[in-house]
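A, B, ... follow the sequence lines: proteins, then strands. Residue 1 opens every chain.
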2 protein chains.
Amino acid sequence: MNLEDIARRAGVSRSTVSRVINNEPYVSSRTREKVLKIIQEVGFTPNPGARMLVTQRTQVIGVVIPRNLSVVFEDPYYFPTLLQGVAGAAQERDYATLLWLGSSDEDEDRFYQRILKNRLMDGLLIASATTNPSIFEHLLAQQIPFVTTERPFFYSDQISYVTIDNIGAGRTATEHLINLGRKRVGTIAGQQDNVDAQDRVIGYREALRAAGREVDPDLIVEGYFSRRGGYLAMKTLLRQEIDGVVAASDTMAVGALQALQEAGVRVPEDVALVGFDDLPLAIMTEPTLTTIRQPITQRGYQATSLLLAMLAGEVEGPRQVLLPTQLVIRQSTGVLTL
Amino acid sequence: MNLEDIARRAGVSRSTVSRVINNEPYVSSRTREKVLKIIQEVGFTPNPGARMLVTQRTQVIGVVIPRNLSVVFEDPYYFPTLLQGVAGAAQERDYATLLWLGSSDEDEDRFYQRILKNRLMDGLLIASATTNPSIFEHLLAQQIPFVTTERPFFYSDQISYVTIDNIGAGRTATEHLINLGRKRVGTIAGQQDNVDAQDRVIGYREALRAAGREVDPDLIVEGYFSRRGGYLAMKTLLRQEIDGVVAASDTMAVGALQALQEAGVRVPEDVALVGFDDLPLAIMTEPTLTTIRQPITQRGYQATSLLLAMLAGEVEGPRQVLLPTQLVIRQSTGVLTL
DNA sequence: GAGAGGATTGGGAGCGCTCCCAGAATCTGG
DNA sequence: CCAGATTCTGGGAGCGCTCCCAATCCTCTC
């Protein structure tokens, strides 16, 4: 079943059928309807290979998720939720999404090679930060349109990305504690090889300085983005006098909570605690966690929309988008909520 | 850059280059090496559209995940882990995976329409059960190869699927409690519109009967696959005299645990509890949960391998695979482990 | 009522690949 | 050394689509 078949049945030419399918002008409405009716009847869809061959477009974008396992482990909801946003945006423009999941037993370079060799995609969404600049270099050199969902380490001014306002979020969380009258506010920072983690600390510093306080380096403790990382970092922080803590993730906050409880420190009375992410976990703790909620679906949606706009030629050059976050106040900072 | 360009540079014909790329016989090893070298140098990959057009194969499979949100909510690790297995199997045969995520605001029929209209896939992996038989009817009628990762409600003898041995798992869990000397073992069953949930209850019944006990319908309580569902079901069960419970998921088991603790019932002393799934949650409870571990990656891997084998013509007709599960013994059934 | 100009339609060319067949080169055994 | 088989190579045809250009059909104006 091809254009010619439809054309024959409709008593028109191949070209006219093509025009109808692609919604082009210069087809009389009578002809258009007649053709549409037949297409509907026989359930025809044009052969994508043939179309690709001539248009050089595939109507497919790639979604790349490297180092998947660790990403999933930090926040299992993140990745499916992000994909939900991606799928929504892709659907709107009638694009399909080709999924590339990195596995731990494949070399990262080989993984990227595989993706770049596949010519079935009009553009790429890189759904994770990578410390490996080579993929970006390839994509930039080959002029393949792409968007990342993190601010990249390298070439960040040449690259389009959609991320959350980590600096603002770090500032908001810290300001919240300051406004509650906390005098010595520390932070459990994530590993600083991570752009998000870096930015959250920057926000923390900004808030302190804006409040006219000086930043005590002893109150900034790095840790792995894990429960254990938070636990250990809190242990370290407890060597200082302290009455407020901003953690770089809810998972870490939960670990911190455990350390506080073991030390007999009351939350929020003695130390107020703010997490980050608003995982389902955040309402399962005792006390429930005040935290920063980030719009994960939006992140996927906006990043994909941006990519598709670039592919459609509607957007020129690299563009960076920062999505706002939201402070969700719960018991761990001592404010009553239902 | 196309075959002809490579051919010119290598001083051979288009056909020969094609033979080399497709690893066909009847090319002298000298010629083959010469061509491979040039392909390597210029980094050539054949145009997939052109290839599709003539071979009528795409080297792409579709992965369909309907009703995503609820699936994710039950077990957030399930879906990413499954995809990991899918990606691994696809990679082995050099297939790409097109991801179709259902969203709650799209009608299920429209969702399937969209997928079926896309002719970019050689076959489909349906990564979730659906109560809607129409997609299966379409696929069977159109002879599109597909595999599901659940035993479907309808046409299950005509459909290839890879699932876990739910009956065996239900039996194993129940036997475990019986072997521990528990006299009145109940079960918190999932909603029975779910094949997995049904089978787990069947296994439960089988184990009781095999032990020469009669099945008391009051000891089988249905509930939603959620914490709250488990909590409510446990409340109901507690009206009976009982000393062992098999829950259809860890999430439900956690809810059950809460109900037990509120009622002042000791676990495992008074009631021993077995969950299902071995979520990370299972080691975060107090006591830790004895549970059934299912091989999620394997499920995705095997299902995809089966689909690809069908596409390669290596497997004929529908085939059903049951993967074994594993009982993981922890504190909630009173056995000491580290 | 003829001509201008726009709306509509049809068909050739060609995208880059695989398949097929014919021809050239090489290798056998007698 | 030659017929016949075998290995190797080249090029035409065609997959189904879009793009382009030319041809035809209207409609309106003077």
Colleague: Tell me which of Ser29(B) and Val54(B) sits closer to the 5' end of DNA chain D, going by the nucleotide each one is nearest to.
Modeller: Ser29(B)
Colleague: OP1 or OP2 of dT8(C) sitting under 4.0 Å from any side-chain N/O of Thr31(A)?
Modeller: no
Colleague: State the OG1-OH distance between Thr149(B) and Tyr161(B), to the nearest 0.5 angstrom.
Modeller: 12.0 Å
Colleague: May I ask you to evaluate whether Asn22(A) reaches the phosphate of dT18(D), defined as a side-chain N or O under 4.0 Å from OP1 or OP2?
Modeller: yes
Colleague: Would you tell me if any nitrogen or oxygen in the side chain of Asn2(B) comes within less than 4.0 Å of OP1 or OP2 on dC15(C)?
Modeller: no
Colleague: Looking at Arg93(B) and Glu314(B), is any side-chain nitrogen of the basic one under 4.0 Å from a carboxylate oxygen of the acidic one?
Modeller: yes
Colleague: Would you kindly compare Pro46(B) and Arg19(B) by the position of their nearest DNA chain C nucleotide and give the one closer to the 5′ end?
Modeller: Pro46(B)
Colleague: Where the side chain of Leu53(A) is concerned, which of dT18(C), dC17(C), dC15(C) is the nearest nucleotide?
Modeller: dC15(C)
Colleague: Take the protein atom CG of Leu120(B) and the nucleotide atom P of dG16(D), then report the distance between them rounded to whole Å.
Modeller: 16 Å
Colleague: Between Thr16(A) and dG10(C), is there a contact of a side-chain N or O with OP1 or OP2 at under 4.0 Å?
Modeller: yes
Colleague: So does Ser28(A) get a side-chain nitrogen or oxygen closer than 4.0 Å to the phosphate oxygens (OP1/OP2) of dT8(C)?
Modeller: no
Colleague: Determine whether the side chains of Tyr155(A) and Glu137(A) contain a donor N or O and an acceptor N or O closer than 3.5 Å.
Modeller: yes
Colleague: What is the distance, to the nearest angstrom, from the CD atom on Glu24(A) to the P atom on dG10(C)?
Modeller: 14 Å
Colleague: Rounded to the nearest Å, what distance is computed from the CZ atom of residue Arg57(A) to the C1' atom of nucleotide dC17(D)?
Modeller: 16 Å
Colleague: Can Glu24(B) and Arg32(B) be counted as an ion pair, charged N to O under 4.0 angstrom?
Modeller: no
Colleague: Rounding to a whole Å, what distance do you find between Arg51(A):CZ and dG14(C):C1'?
Modeller: 17 Å
Colleague: Relative to the 5' end of DNA chain D, which residue comes earlier, Ser13(B) or Val17(A), by the nucleotide with the nearest heavy atom?
Modeller: Ser13(B)
Colleague: Within the 4.0 Å heavy-atom criterion, would you say Ser15(B) contacts the bases, only the backbone, or no part of the nucleic acid?
Modeller: base
Colleague: Nearest whole Å is fine: how far is dG10(D) P from Tyr26(B) OH?
Modeller: 17 Å
Colleague: Please report, rounded to the nearest Å, how far the P atom of dG10(D) is from the CD1 atom of Ile6(B).
Modeller: 15 Å
Colleague: Grab the CZ-P distance between Arg14(B) and dC20(C) for me, whole Å please.
Modeller: 15 Å
Colleague: Nearest whole Å is fine: how far is dC15(D) C1' from Met52(A) CE?
Modeller: 14 Å
Colleague: Judged by modelled atom types alone, do Tyr301(B) and Glu92(B) share a side-chain donor-acceptor pair under 3.5 Å?
Modeller: yes
Colleague: Is a donor-acceptor contact shorter than 3.5 angstrom present between the side chain of Arg119(A) and the base of dG16(C)?
Modeller: no
